[in-house]
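Note that the numbering runs from 1 along the sequence shown for the chain.
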Amino acid sequence: MRKPKAIIVGGSIAGISCAKALILAGWDVVVIEKTRGPPTGNPTGAGIALNPLSQKMVKSWLHQPDLLHNITLPLTIDQNRAVDQEKNICRILARDENFNCLQAHWTDLHSLIYNTLPPEIFFGVTCTSLSAFLTTNQLSMSKLRILKLMRYTGYCAWMGVFDFSENENSETIQGIRKAYPELGNGVHGDSATMKVSSDMIKKMHQEAEKIWVPEFARVIKETKEPFLNLMYDCDPLTQIYWDNVVLIGDAAHPITPHCARSTNMAIADAAVLGKCLERWGPENLHSALEEHQSVRLPVTTKQVLHSRRVGQIKLGLPTPDREPFDPNTASPEDCEILKQRRLPFFDDVPSILE
């Protein structure tokens, strides 16, 4: 029989994860992206925390599963702390020493998955020339979203990638390792990126000197081309597929970075979709997509809303069920919600992936 075909719009980690999962399910795939080749570098790509389920899925997609450990570092501790600028003291608010994740850079993880795929499946095209192509195929996965559905959270975050590959024993690196012995056990999130002026960077450096220990402030100053991320999410959708189109990853559930979940959600989306399509077969496409939606939508809905709430709490914004969070007076019980382990379905493994 002729293989069913899927068109995947977008070649980010969500897109190539879908491509891998569907190929393993017996589908032919075409990945639509602006360029056909892999990214040669992504200066705005930040750290990714891979949870145990994502680790399991990515390893199952690799010819040599140990390759995942070659590009990652252990991420065993989740810690939140507050800095009192006036008293120049720090307070640990919440700490989890059994975080059990791996940390990777976006580009490294993308390349690892990308290199398992046949290069001929990638098709460089702009969105304006896409509509006629999609109508001839059986299943489409899209990362397109109407922009008005996106919700700006009202805040942003400074980010940057500090490259010390050519001088791993520099004074700066030795200093930061001394100040933070658990270096490598921290991670950043991602969202919409905004370029910044030299005056904005100068002000940020001044603030860093007030807030952080000198060793970390020095790393910030020596980071080339820092950038601002505007934090967006979206009110959860009531459905994630229509006819033969299904939303995956950030297209289905953009999320703030407070729970390090975006990439994990995308990988889980892809893995569950692949298993559902394999179970039901192309002749029962609607049933496969319905099962996929029933498995993923309840999880992603609660995770998006929880991450939004954690962001509001960390910024001291009021929430319907509690007073604004004050790190100076918060009790240990108040701080528990800051732990990523409090995320709904934190350790959940869908039965279809067991």
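With contacts defined as side-chain heavy-atom distances shorter than 4.5 Å, the pair Lys202/Met204 does not qualify. With a 4.5 Å cut-off on side-chain heavy atoms, Trp27 and Leu277 count as touching. Leu68 is listed as a side-chain neighbour of Leu50, based on a closest heavy-atom distance under 4.5 Å. Within the 4.5 Å cutoff, the side chain of Ile337 has heavy atoms near those of the Arg322 side chain. With contacts defined as side-chain heavy-atom distances shorter than 4.5 Å, the pair Leu73/Leu102 does not qualify. Residues Glu291 and Ile352 form a side-chain contact, since some pair of their non-hydrogen atoms from C-beta on lies under 4.5 Å apart. In this structure the side chain of His105 never reaches within 4.5 angstrom of the side chain of Thr72, judged on heavy atoms. Taking 4.5 Å as the limit, every side-chain heavy atom of Asp66 sits out of range of all side-chain heavy atoms of Gln64.
Note: the hydrophobic cluster containing Leu22 also contains Leu62 (ILVMFWY, side chain heavy atoms under 4.5 Å, direct or indirect links). Note: the hydrophobic cluster containing Ile48 also contains Leu112 (ILVMFWY, side chain heavy atoms under 4.5 Å, direct or indirect links). In the hydrophobic clustering of this structure, Val299 does not group with Ile267; members are Ile, Leu, Val, Met, Phe, Trp, Tyr whose side-chain heavy atoms approach within less than 4.5 Å, directly or through other members. Using a 4.5 Å cut-off between side-chain heavy atoms of Ile, Leu, Val, Met, Phe, Trp and Tyr, with links allowed through other members, Leu315 and Leu93 fall into different hydrophobic clusters. Val246 is connected to Leu353 through a chain of hydrophobic side-chain contacts under 4.5 Å among Ile, Leu, Val, Met, Phe, Trp and Tyr, so both are in one cluster.
Within the structure, salt bridge (Lys or Arg N to Asp or Glu O under 4.0 Å) pairs that include any residue of residues 262-271 comprise Asp269-Arg296 (at least two apart or interchain). Within the structure, salt bridge (Lys or Arg N to Asp or Glu O under 4.0 Å) contacts touching residues 297-309 (residues at least two apart or in different chains) are Asp233-Arg308, Asp235-Arg308, Arg309-Asp321. Sorted by first and then second residue, the ring pair (Phe, Tyr, Trp, His ring centres under 6.0 Å) pairs involving residues 316-354 (not counting sequence neighbours) form an empty list. The salt bridge (Lys or Arg N to Asp or Glu O under 4.0 Å) analysis of residues 345-354, with sequence neighbours excluded, yields the pairs Arg341-Asp347. Residue pairs meeting the ring pair (Phe, Tyr, Trp, His ring centres under 6.0 Å) criterion with at least one partner in residues 261-312, sequence neighbours excluded, are Tyr241-His286.
In this structure, Trp106 and His110 have parallel ring planes: the angle between them is below the 30° cut-off, well short of the 60° mark.
Ser17 pairs in a side chain to side chain contact (heavy atoms under 4.5 Å, CB included) with only one of the listed residues (Ile113, Leu273, Thr263, Ile8), which is Ile113.
The structure places OG of Ser294 at 9.0 Å from CD1 of Ile240, a figure rounded to the nearest 0.5 Å. With rounding to the nearest 0.5 angstrom, the CG atom of Leu247 is 6.5 Å from the CG atom of Leu237. Note that CD of Gln239 and CD of Gln293 are 6.0 Å apart. Values are rounded to the nearest 0.5 Å. Annotation: the span from Ser307 atom OG to His253 atom NE2 amounts to 12.5 Å, rounded to 0.5 Å. A distance of 8.5 Å separates CD1 in Ile16 from CH2 in Trp61, rounded to the nearest 0.5 Å. To the nearest 0.5 Å, the span separating OG on Ser197 from CG on Leu228 amounts to 9.5 Å.
Evaluation of the salt bridge (charged side-chain N to carboxylate O under 4.0 Å, His left out) rule for Lys59 yields no partner, not counting sequence neighbours. Here Phe122 pairs with Tyr114 under the ring pair (Phe, Tyr, Trp, His ring centres under 6.0 Å) rule; sequence neighbours left out. Applying the side chain to side chain contact (heavy atoms under 4.5 Å, CB included) test to Ser198 and every residue at least two apart in sequence or in another chain returns nothing. With sequence neighbours excluded, the residues that form a salt bridge (charged side-chain N to carboxylate O under 4.0 Å, His left out) with Lys339 are Glu336. Residues forming a salt bridge (charged side-chain N to carboxylate O under 4.0 Å, His left out) with Glu171 (at least two apart in sequence, or on another chain): Arg218. Remark: Ser54 engages Asn51, Asn264 in a side chain to side chain donor-acceptor pair (under 3.5 Å) (not counting sequence neighbours). Lys275 meets the salt bridge (charged side-chain N to carboxylate O under 4.0 Å, His left out) test with Glu278; sequence neighbours excluded.
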Begin from the C-alpha positions of Ile201 and His205 and carry the test side-chain contact (heavy atoms from CB on, under 4.5 Å) through to its verdict. CA-CA 6 Å; Ile201 295 175; His205 287 166; 3.4 Å; yes
Mind running side-chain contact (heavy atoms from CB on, under 4.5 Å) on Val9 and Glu33 for me, showing each step along the way?
CA-CA 7 Å; Val9 182; Glu33 184 52 271; over 6 Å; no
- Message: If you apply the rule side-chain contact (heavy atoms from CB on, under 4.5 Å), what do you find for Arg81 with Arg91, and how did you get there?
- Response: CA-CA 5 Å; Arg81 73 176 195 171; Arg91 177 193 173 196; over 6 Å; no
*Apply side-chain contact (heavy atoms from CB on, under 4.5 Å) to Thr76 and Asn98, showing your working.*
CA-CA 6 Å; Thr76 58; Asn98 298 293; over 6 Å; no
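In plain terms, the two heavy atoms of Ala268 and Leu53 that are nearest each other are CB-CD2, 4.4 Å. When all heavy atoms of Leu338 and Asn80 are compared, the pair lying nearest together is O-ND2, 3.3 Å. Contact record, Cys335 with Ala330: SG-CB, 3.8 Å, taken as the closest heavy-atom pair. The nearest pair of heavy atoms linking Gln55 to Asn100 is NE2-O, 3.6 Å. Across every non-hydrogen atom of Leu75 and Ala49, the tightest pair is CD2-CB, 3.5 Å. Scanning both residues, Val31 and Gly10, for their nearest heavy atoms gives CG1-O, 3.8 Å.
Between the side chains of Asp108 and Ser111, no donor-acceptor pair of N or O atoms lies under 3.5 Å. Checked by atom type, the side-chain pair Asp250/Ser262 shows a donor-acceptor distance below 3.5 Å. Thr172 and Glu222 share a side-chain donor-acceptor pair at under 3.5 Å.
Looking only at distances, no side-chain donor or acceptor of Thr223 sits under 3.5 Å from a matching main-chain atom of Pro226. Between the side chain of Glu97 and the main chain of Ile77, no donor-acceptor pair closer than 3.5 Å is present. Listed for the Thr153 side chain is a donor-acceptor partner under 3.5 Å among the backbone atoms of Met231. Put simply, the side chain of Ser12 never gets that close to the backbone of Gly15: no donor and acceptor are under 3.5 Å apart.
Under a cut-off of 6.0 angstrom, the local environment of CD in Glu120 is crowded, with over 12 non-hydrogen atoms contributed by other residues, nucleotides or ligands.
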